[in-house]
Undergrad: 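Take this structure first; my questions come after.
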Amino acid sequence: MIFYFVCTGNTCRSPMAEVLFNEKYKDIKEMFQAESFGLFPDSSVANKNSVKVMEELGYILLGFTPSSIEDKKPEPDDLILTMTVDQRNYLRAMDYKNVYTLKEFAGEESFNIEDPYGQNIEIYRNVRNEIDSLKETLYYRLVEWDQS
């Protein structure tokens, strides 16, 4: 099952989520594989601070190329996990049916993950850690989703 992480530019949050999930669960790629795209990508590389904070955990984001929804072409019934409520609502208005914020899907009460773009490196670390803290819950929710 391929599912998607989405943020605005596909340079900060969604690439971090994609790598964090895929690296943690690389032994079960045949079950679940994360990809990512941005609603309005405007760069050809991942944000340098995203690259740095991922390197701190030993993950490679250097060389990541942002993608758009047109590049990925998700099906209307694919699972899409956004970083904000506004992104979720935008995709639902485009008739995508299974769109949730990442935090909503993981059962959190607060739904938005802050956009670190243009902020200091510590904000990037906080965002990375927030996404990282959700990956285990996300895995169990994906298993439930896949079985329903």
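Values reported hereafter were calculated over all heavy atoms of this structure, with side chains retained and with hydrogens, waters and symmetry mates removed.
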Undergrad: First locate atom CD1 of Ile121, then atom NZ of Lys48, and finally report the distance between them rounded to the nearest 0.5 Å.
TA: 8.5 Å
Undergrad: Going only through I, L, V, M, F, W and Y residues with side-chain contacts under 4.5 Å, is there a path from Phe64 to Phe37?
TA: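 No.
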Undergrad: To the nearest 0.5 Å, what is the distance between CE (Met1) and CD (Gln33)?
TA: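 Answer rounded to 0.5 Å: 11.5 Å.
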Undergrad: Please check if Ile113 and Val85 belong to a single hydrophobic cluster, counting links between Ile, Leu, Val, Met, Phe, Trp and Tyr side chain heavy atoms closer than 4.5 Å.
TA: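 Looking at the clustering, Val85 is in a separate group from Ile113.
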Undergrad: As an exercise, state the distance from CG of Leu138 to CG of Leu20, rounded to the nearest 0.5 Å.
TA: 11.0 Å
Undergrad: Residues in side chain to side chain contact (heavy atoms under 4.5 Å, CB included) with Glu35, at least two apart?
TA: Ile2, Tyr4, Lys72
Undergrad: To check you understand the geometry: which heavy-atom pair defines the closest contact between Val45 and Thr11, and what is its length?
TA: O-CG2, 3.5 Å
Undergrad: Any idea which heavy atoms bring Arg141 and Glu144 closest together, and the distance?
TA: NH1-OE1, 2.9 Å
Undergrad: I need the minimum non-hydrogen distance between Arg128 and Val53, along with the two atoms involved.
TA: NH1-O, 2.5 Å
Undergrad: State whether a side-chain donor-acceptor pair under 3.5 Å links Glu18 with Ser36.
TA: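 Checked: Glu18/Ser36 side chains pair up, N/O donor to acceptor below 3.5 Å.
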Undergrad: Could you give the distance from OH (Tyr59) to CE (Met16), rounded to the nearest 0.5 Å?
TA: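 CE of Met16 is found 13.0 Å from OH of Tyr59.
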Undergrad: When Tyr139 is tested against each of Tyr25, Phe21, Phe105 for ring pair (Phe, Tyr, Trp, His ring centres under 6.0 Å), which residue passes?
TA: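 Of Tyr25, Phe21, Phe105, ring pair (Phe, Tyr, Trp, His ring centres under 6.0 Å) with Tyr139 is met by Tyr25 alone.
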Undergrad: Are the charged groups of Lys52 and Glu55 less than 4.0 angstrom apart, N to O?
TA: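 Looking at Glu55 together with Lys52, the answer is no, because their closest N to O distance does not fall below 4.0 Å.
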Undergrad: Is there a chain of hydrophobic side chains (I, L, V, M, F, W, Y, each step under 4.5 Å between heavy atoms) that links Phe3 to Val99?
TA: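 No, Phe3 and Val99 fall in different hydrophobic clusters.
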Undergrad: If you take all heavy atoms of Phe111 and Glu108, which pair is closest and at what distance?
TA: CE2-O, 3.2 Å
Undergrad: Shared ILVMFWY cluster between Phe5 and Met94, side chains joined below 4.5 angstrom?
TA: no
Undergrad: Should we count NZ of Lys97 as having more than 12 external heavy atoms under 6.0 Å?
TA: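 Result for NZ/Lys97: enclosed.
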Undergrad: Give, for atom CG of Leu79 and atom CG of Asp146, the distance between the pair rounded to the nearest 0.5 Å.
TA: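 It comes to 10.0 Å.
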Undergrad: When you compare the side chain of Asn98 with that of Trp145, does any pair of heavy atoms fall below 4.5 Å?
TA: yes
Undergrad: Mind running side chain to side chain contact (heavy atoms under 4.5 Å, CB included) on Thr137 and Leu134 for me, showing each step along the way?
TA: CA-CA 6 Å; Thr137 302; Leu134 298 169; 5.6 Å; no
Undergrad: So, for Asn49 and Asn47, which heavy atoms are closest and what is the spacing to 0.1 Å?
TA: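 Minimum heavy-atom contact is N-OD1, 2.8 Å.
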Undergrad: For Asp132, check salt bridge (Lys or Arg N to Asp or Glu O under 4.0 Å) against everything at least two apart and list the hits.
TA: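 Asp132 satisfies salt bridge (Lys or Arg N to Asp or Glu O under 4.0 Å) with Lys135 only.
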Undergrad: Test Lys103 against every option in Glu130, Glu114, Glu109 by the salt bridge (charged side-chain N to carboxylate O under 4.0 Å, His left out) rule and name the one that passes.
TA: Glu130
Undergrad: Between Phe40 and Met83, is there shared hydrophobic-cluster membership here, with clusters defined by ILVMFWY side-chain heavy atoms closer than 4.5 Å?
TA: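 The answer is no; the residues belong to distinct hydrophobic clusters.
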Undergrad: What closest approach, in Å, do Asn10 and Pro66 show between heavy atoms, and which atom pair accounts for it?
TA: OD1-CA, 3.2 Å
Undergrad: Given Tyr117, which of Ser50, Cys12, Cys7 fulfils the side chain to side chain contact (heavy atoms under 4.5 Å, CB included) condition?
TA: Cys12
Undergrad: Carefully, step by step, assess Thr84 and Thr101 under the rule side chain to side chain contact (heavy atoms under 4.5 Å, CB included).
TA: CA-CA 6 Å; Thr84 69; Thr101 70; 5.8 Å; no
Undergrad: Under 6.0 Å from the ring centre and within 45 degrees of the ring axis: does the NZ or CZ of Arg88 meet both conditions for the six-membered ring of Tyr96?
TA: no
Undergrad: Report the C-alpha separation of Leu39 and Thr8 in whole Å, then their side-chain angles, then the decisive distance to 0.1 Å, and conclude whether the side chain to side chain contact (heavy atoms under 4.5 Å, CB included) test is met.
TA: CA-CA 5 Å; Leu39 296 179; Thr8 305; 5.6 Å; no
Undergrad: Calculate, to the nearest 0.5 Å, the distance between atoms CD1 and CD1 belonging to Ile80 and Ile69 respectively.
TA: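 The distance works out to 6.0 Å.
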Undergrad: Would you find a donor on one side and an acceptor on the other, under 3.5 Å apart, between the side chain of Asn129 and the backbone of Arg125?
TA: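 Yes, the answer is positive, given that a donor and an acceptor are paired below the 3.5 Å cut-off.
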Undergrad: Test side chain to side chain contact (heavy atoms under 4.5 Å, CB included) on Arg13 and Leu102 and set out the steps.
TA: CA-CA 11 Å; Arg13 294 168 291 178; Leu102 169 58; over 6 Å; no
